[in-house]
Every structure is written in structure tokens, then in C-alpha cells.
There are 2 protein chains.
Amino acid sequence: MQEEEITTLANKVCERMVNDIITGTLAQGQKLNEPELARIHGISRGPLREAMSRLEAMRLITRTPNVGARVITLSYEELLEIYQIRETLEGLAAKLAAQAMSAGEKTNLRLLLNSHGKHILDTQGQSYFQQEGDVDFHYCIIQGSKNQRLIDMLAGDLYQLVRMYRYQFSVSSNRPQQALKEHNQICSAIEEGDADLAQWLMKRHINNARNNIMQRMQTQSTTQDGENR
Amino acid sequence: MQEEEITTLANKVCERMVNDIITGTLAQGQKLNEPELARIHGISRGPLREAMSRLEAMRLITRTPNVGARVITLSYEELLEIYQIRETLEGLAAKLAAQAMSAGEKTNLRLLLNSHGKHILDTQGQSYFQQEGDVDFHYCIIQGSKNQRLIDMLAGDLYQLVRMYRYQFSVSSNRPQQALKEHNQICSAIEEGDADLAQWLMKRHINNARNNIMQRMQTQSTTQDGENR
DNA sequence: TTATAAAATATTGTAGACAATAATACAGTA
DNA sequence: TACTGTATTATTGTCTACAATATTTTATAA
């Protein structure tokens with residue numbers, strides 16, 4: 001088999017750097033030194049700069065000509081912006097999914113939620129898995145919309161940002177049961193092909209998630225802002 | 001004064017190539033030869049490849065490792081996808097603008113529409129200007145939303161795509177009076193701070209525009225598809 | 001004549017060196 | 001001591017050359 005997943009150095013390093021930024025290995029606001037990064041990843045500066053061009057396009061880093069690149073810094077305000085957009089776009093995705101998902105896809109979605117429910121019963125402290133499970137659910141619906149550009153937007157740059165906020169602010173869901181209930185409601189609406197209801201439920205779901213996260217960020221606020229400027 | 005607008009070769013060439021793709025100088029589906037392009041723009045392949053990385057991130061070109069890059073090809077289906085997304089996002093922008101625009105900004109928006117009205121009276125055939133004027137109006141509202149990420153999404157990649165469709169399919173508005181009327185309605189709602197109405201009107205406006213464009217594309221269909229594959 | 005395989009060519013991917021700009025350290029002066 | 005201008009260093013931007021892969025051409029055999 002030649003499932004070698006052919007790719008280029010720039011691609012591989014780009015992926016790695018995305019993860020480094022999201023997980024905080026490359027800290028917020030950190031200056032990115034090209035020769036050093038090239039050495040770390042074992043490549044030359046050419047491909048590295050291509051990777052950085054893509055990171056810039058994803059808005060994970062900012063670049064100033066002749067000065068250099070820095071990792072972005074997250075903010076409460078931007079998180080609000082992102083959730084406003086997610087609410088609208090994922091609402092659209094749910095609406096389209098209710099119209100476009102096949103019977104098989106709907107079945108898989110239901111099975112996914114069942115497994116989540118079982119997992120919550122088994123380990124009622126493990127919120128990390130729930131977090132990823134939440135991702136799976138939303139990811140399935142996004143895919144189900146069949147709108148490729150919408151999929152690219154939500155499952156691409158925007159999703160990386162959401163992941164980054166979750167990692168860096170450690171705001172995994174603390175309400176897995178409630179979230180699962182809302183997921184089930186959305187799933188039912190999709191199964192019944194009730195597009196408008198699916199859209200409305202999804203928007204409310206994301207709005208709830210936002211309020212939850214905001215509340216938790218308030219409490220722990222001003223914990224970040226560290227050694228780099 | 002040193003308003004030199006400092007920038008890099010990759011940036012300049014990227015901008016130029018964006019325009020070449022949108023206007024069709026680089027035709028849909030065309031293979032992009034790196035040495036040739038580098039020669040044309042008078043730079044080496046390094047910066048050129050950085051520019052292409054950004055074009056790829058904007059999804060104006062597609063790249064296959066070890067094979068090369070091609071300009072994207074537009075399709076009826078993708079245009080539908082884009083309008084679905086625009087309807088949602090610009091609806092959100094109108095809603096936010098109604099809440100966030102300053103008194104001065106609202107005044108400017110009204111003045112812009114007045115000048116459009118005057119222009120339509122003066123030259124009732126000039127649809128190209130109307131097209132750009134339409135852009136100005138939407139652009140103002142997007143900016144007025146004050147949601148920077150939303151602004152980036154709508155005024156960035158997505159907007160370039162819309163421009164590209166307009167150029168390549170020559171679908172400028174053939175209903176300037178009607179469009180202006182709808183613009184005035186939206187403007188009024190924003191002036192009154194009626195966010196929900198502004199959102200609803202904007203969604204309907206874009207939906208109308210989409211129907212108009214689709215109708216015209218139907219008639220001229222299968223006129224494209226040319227000499228390059 | 002058609003199909004297959006090998007050679008030749010062209011194109012992309014990568015590395016390293018040089019040039020230009022910015023950041024830093026240092027010295028001189030008020 | 002504080003400040004300004006200069007020299008030094010470091011970093012980014014760019015170019016050229018080479019390596020690896022893909023494409024095209026040519027030759028050979030069925």
C-alpha cells in the first residue's frame with residue numbers, strides 16, 4: 001500500500017506549529033525567530049517561511065515586514081466575536097444538515113450521542129473527553145451541511161481558534177449532562193428534518209456554551225499575561 | 001513624510017496575483033508555472049512561493065505537492081454556497097452595526113446612499129459603478145459591525161470571491177433602483193437602532209441579489225469553460 | 001499501429017549564501 | 001547621570017544553485 005500521505009516539509013511544519021501555538025508550546029505574543037525555528041524543526045528557512053505565511057493567513061501569528069512574527073494574543077473580546085460568528089454559522093450548518101444529511105449520517109450522529117451518554121455515566125469527572133466529544137458532534141453537523149465553504153470556514157481556521165481558547169484558558173465544559181441534552185435535542189430536530197428548529201436549537205446551544213465560558217473566564221480572569229511581551 | 005507603506009515583495013506580488021485571478025488575467029483552472037511567474041513579476045521563486053502560500057490559504061489557487069498549483073474554477077454550486085454564507089454573516093453584520101455604529105457613521109452611510117441615488121438618476125445605464133457602490137454600502141455596514149473577525153472574513157477572502165464571480169460572469173446588478181431602495185430600508189433600520197429589522201432586511205436583500213444573479217447565470221450558462229485545463 | 005518501458009526534460013521542493021533592514025551596544029557630549 | 005548619535009550585531013528579505021519528483025518524449029516490442 002502507498003498510503004504515504006504525500007506532503008511537503010512546509011506542510012508538516014505548518015501543522016506542527018499550529019499545534020504548538022494552540023497548546024501554548026509557542027506562547028502567546030512570543031517572538032518567532034526564523035533560524036531558531038528552522039533548526040528546531042530540522043529544515044531550512046525557505047519552507048519555514050512558507051509555513052509561516054500560512055499561519056499568518058490563519059491569523060495565528062502576526063507579521064511585520066523587516067521586523068518579524070509573533071504569536072497572537074487572545075482576548076476576552078475576541079472570544080466574544082468568535083462566538084457571535086459561530087452562533088450564526090453553526091446555526092446555518094444545523095439548518096442545512098437537517099435538509100442534506102443522509103439517513104446513514106443521521107444514524108451515525110445518534111450513535112455518537114449514545115456513546116457520549118454512556119461515557120458520561122462511566123466517568124463523570126472526565127471533562128476532557130467530553131470536550132473532544134462535543135467537537136465530534138459539532139464536526140459531524142458541519143460536515144452534514146454539505147456546504148464545502150462553510151465546512152472549510154468552521155472546521156478550519158475558526159475551529160483552531162476555538163481549540164486554542166479552550167487549551168489556554170482551560171475552559172472545558174463543566175456541564176456535560178446539559179450539553180448532551182442539548183445535543184440530543186438538535187439531533188432529534190435533524191432526524192425529523194425540521195431545519196428551522198435545528199437552527200434555533202443550535203444557536204441557543206452555542207449561546208449557552210458562550211455564557212458558560214464567559215462566566216468561568218470572569219472568575220479566573222487576569223491569570224494569564226506572562227513573561228513575554 | 002514617510003508614508004512609504006512599507007511592504008515586502010511577496011506581499012506586493014500576492015496582491016497583484018489576487019487581482020490577476022479575479023479579473024481573469026490568470027484564467028480559471030490555469031496551471032501556474034513558478035519560474036515563469038517569477039520572471040513576469042521580476043522576483044525570484046522564494047517570495048513568489050510565499051505569495052502562492054497565501055493565495056492557497058485564500059483558496060484562490062489549489063496546490064498539489066510535487067505537481068503544482070492551479071487557479072480555482074468557479075461553479076454555480078459554489079456561488080450558491082457563498083451566498084448562503086453571506087446572507088447569514090452580513091445579516092449578523094447589519095444587526096451588530098445597528099447596535100454599534102456611531103452617529104457620525106450613520107450619517108456617512110446615509111450620505112453615501114444619497115450620492116448613489118443621484119448617480120443612478122444621472123446615468124441610468126452605468127451598472128458598473130452601481131456594482132462598486134453596492135460594495136461600498138455593504139463594506140460600510142461590515143465595518144460598522146465592529147467585529148474584527150467578522151470584518152476580516154467578509155471583507156477578506158469571501159469578498160474577493162464575490163468580486164471574482166462578478167468579473168468572470170459579468171453579473172453586475174441590473175436592478176440598481178431596487179437595490180438602492182433596499183439599501184435605504186436597511187439604512188433606516190440602522191439609524192433607528194432596530195437591530196433585528198436590519199438583520200432581516202439585509203438577509204432578504206442578499207437573498208434577492210442571489211436570485212437575480214442565479215437567474216442571469218441560468219440564461220448565459222455554459223458560456224465559459226475555455227482553452228485551458 | 002498500439003502499448004509499454006526507458007530516457008530525457010521540465011518543474012517543484014529544499015538548502016545555503018548574500019543583501020537590506022532593524023535592534024542593540026557603545027561612546028561621546030551636555 | 002541622562003541623552004544622542006554612531007558602530008556593531010542580529011534578523012529578516014531575497015536570490016541562486018542543487019536535489020527530488022513528475023511529466024514528456026522517444027524507442028522498442030507485440
Side-chain angles (χ1 to χ4, degrees), chain A residues 1-18 20-21 26-72 227-229, chain B residues 1-18 20-21 26-72 227-229:
Chain A
M1 63 196 69
Q2 42 94 269
E3 274 292 344
E4 284 291 336
E5 190 59 38
I6 185 171
T7 187
T8 173
L9 285 186
N11 280 323
K12 277 186 281 194
V13 171
C14 181
E15 272 184 48
R16 274 200 270 174
M17 288 183 72
V18 166
D20 287 348
I21 291 172
L26 293 171
Q28 292 181 44
Q30 180 178 327
K31 173 75 190 299
L32 298 180
N33 185 299
E34 294 183 6
E36 184 188 344
L37 278 172
R39 188 178 47 72
I40 289 173
H41 291 99
I43 63 173
S44 77
R45 278 180 58 219
L48 178 79
R49 282 175 63 87
E50 287 186 39
M52 288 174 68
S53 290
R54 281 206 279 278
L55 293 177
E56 186 190 12
M58 298 175 75
R59 299 176 200 287
L60 289 179
I61 67 174
T62 58
R63 261 176 152 177
T64 315
N66 293 318
V67 174
R70 308 196 90 95
V71 178
I72 56 163
E227 60 279 7
N228 40 54
R229 87 223 54 113
Chain B
M1 63 196 67
Q2 40 96 272
E3 274 292 344
E4 286 290 336
E5 190 59 39
I6 184 171
T7 186
T8 174
L9 285 188
N11 280 323
K12 278 186 279 193
V13 170
C14 182
E15 272 185 46
R16 275 201 269 173
M17 286 183 71
V18 166
D20 287 348
I21 290 173
L26 293 172
Q28 292 180 44
Q30 181 179 326
K31 174 73 191 299
L32 298 180
N33 184 300
E34 292 182 7
E36 185 188 343
L37 278 171
R39 188 178 47 73
I40 289 173
H41 290 99
I43 63 173
S44 78
R45 282 179 54 218
L48 178 79
R49 284 174 61 88
E50 286 186 38
M52 288 174 67
S53 290
R54 280 207 280 276
L55 293 177
E56 186 190 12
M58 298 175 75
R59 298 177 202 286
L60 289 178
I61 67 174
T62 58
R63 258 176 152 178
T64 315
N66 293 318
V67 174
R70 309 196 89 97
V71 178
I72 56 161
E227 59 280 6
N228 41 54
R229 85 218 37 165

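Numbered from 1 within each chain, the chains take letters A, B, ... in sequence-line order. Since this is a predicted model, take the numbers as computed values, not measurements.
In the region residues 37-48 of chain A, proximity to DNA chain C at under 4.0 angstrom, judged on heavy atoms, holds for A:I43, A:S44, A:P47. Within residues 55-69 of chain A, the residues having any heavy atom under 4.0 Å from DNA chain D are, by residue number, A:P65, A:N66, A:V67, A:G68.
With rounding to whole Å, A:R54 atom CZ is found 12 Å from C:dG13 atom C1'. The distance from atom CG of B:L32 to atom P of C:dT12 is 9 Å, rounded to the nearest whole Å. For the pair A:K31 NZ and C:dT24 C1', the interatomic distance rounds to 12 Å; values are reported in whole Å. Between the P atom of C:dA22 and the CD atom of A:E34 lies a distance of 15 Å, rounded to the nearest Å. Rounded to whole Å, atom C1' of C:dT14 lies 14 Å from atom CG of A:N11.
With sequence neighbours excluded, the residues forming a side chain to side chain contact (heavy atoms under 4.5 Å, CB included) with A:N66 are B:I6, listed by chain and number. Residues meeting the salt bridge (Lys or Arg N to Asp or Glu O under 4.0 Å) test with B:R39, sequence neighbours left out: none. Every residue two or more places apart in sequence or in another chain was checked for a salt bridge (Lys or Arg N to Asp or Glu O under 4.0 Å) with A:R16, and none qualifies.
In summary, contact between chain A and DNA chain D, defined as any nucleotide atom under 4.0 Å from a heavy atom of the protein, begins and ends at D:dT11 to D:dA22 in the 5' to 3' direction.
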Item to check | Evaluation steps, side-chain contact (heavy atoms from CB on, under 4.5 Å), between B:L37 and B:M17 | outcome: CA-CA 10 Å; B:L37 278 171; B:M17 286 183 71; 3.9 Å; yes

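When all heavy atoms of A:I61 and A:I72 are compared, the pair lying nearest together is N-CG2, 4.0 Å. Across all their heavy atoms, A:V71 and A:Q28 have their closest contact at CG1-CA, 4.0 Å.
Here OG of B:S44 is found 8.0 Å from CG of B:L9. Values are rounded to the nearest 0.5 Å. Taken to the nearest 0.5 Å, the CD1 atom of A:I21 stands 8.5 Å off from the CE atom of A:M58. In this structure, CD1 in A:I40 is found 8.0 Å from CG in A:L26, a value given to the nearest 0.5 Å.
Taking the side chain as every heavy atom from C-beta outward, A:H41 and A:D20 approach each other to under 4.5 Å.
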Under 3.5 Å, which donor-acceptor pairs link side chains of residues 45-54 of chain B to any protein atom two or more places apart or in another chain?
residue: B:R45; atom: NE; partner: B:E34; partner atom: OE1; Å: 3.1
residue: B:R45; atom: NH2; partner: B:E34; partner atom: OE1; Å: 3.0
residue: B:R49; atom: NE; partner: A:E50; partner atom: OE2; Å: 2.7
residue: B:R49; atom: NH1; partner: B:E34; partner atom: OE1; Å: 3.4
residue: B:R49; atom: NH1; partner: B:E34; partner atom: OE2; Å: 2.9
residue: B:R49; atom: NH2; partner: A:E50; partner atom: OE1; Å: 3.3
residue: B:R49; atom: NH2; partner: A:E50; partner atom: OE2; Å: 3.2
residue: B:E50; atom: OE1; partner: A:R49; partner atom: NH2; Å: 3.4
residue: B:E50; atom: OE2; partner: A:R49; partner atom: NE; Å: 2.7
residue: B:E50; atom: OE2; partner: A:R49; partner atom: NH2; Å: 3.3
residue: B:S53; atom: OG; partner: B:R49; partner atom: O; Å: 3.1
residue: B:S53; atom: OG; partner: B:R63; partner atom: NH1; Å: 3.3
residue: B:R54; atom: NH1; partner: A:E56; partner atom: OE1; Å: 3.2
residue: B:R54; atom: NH2; partner: B:N11; partner atom: OD1; Å: 2.7

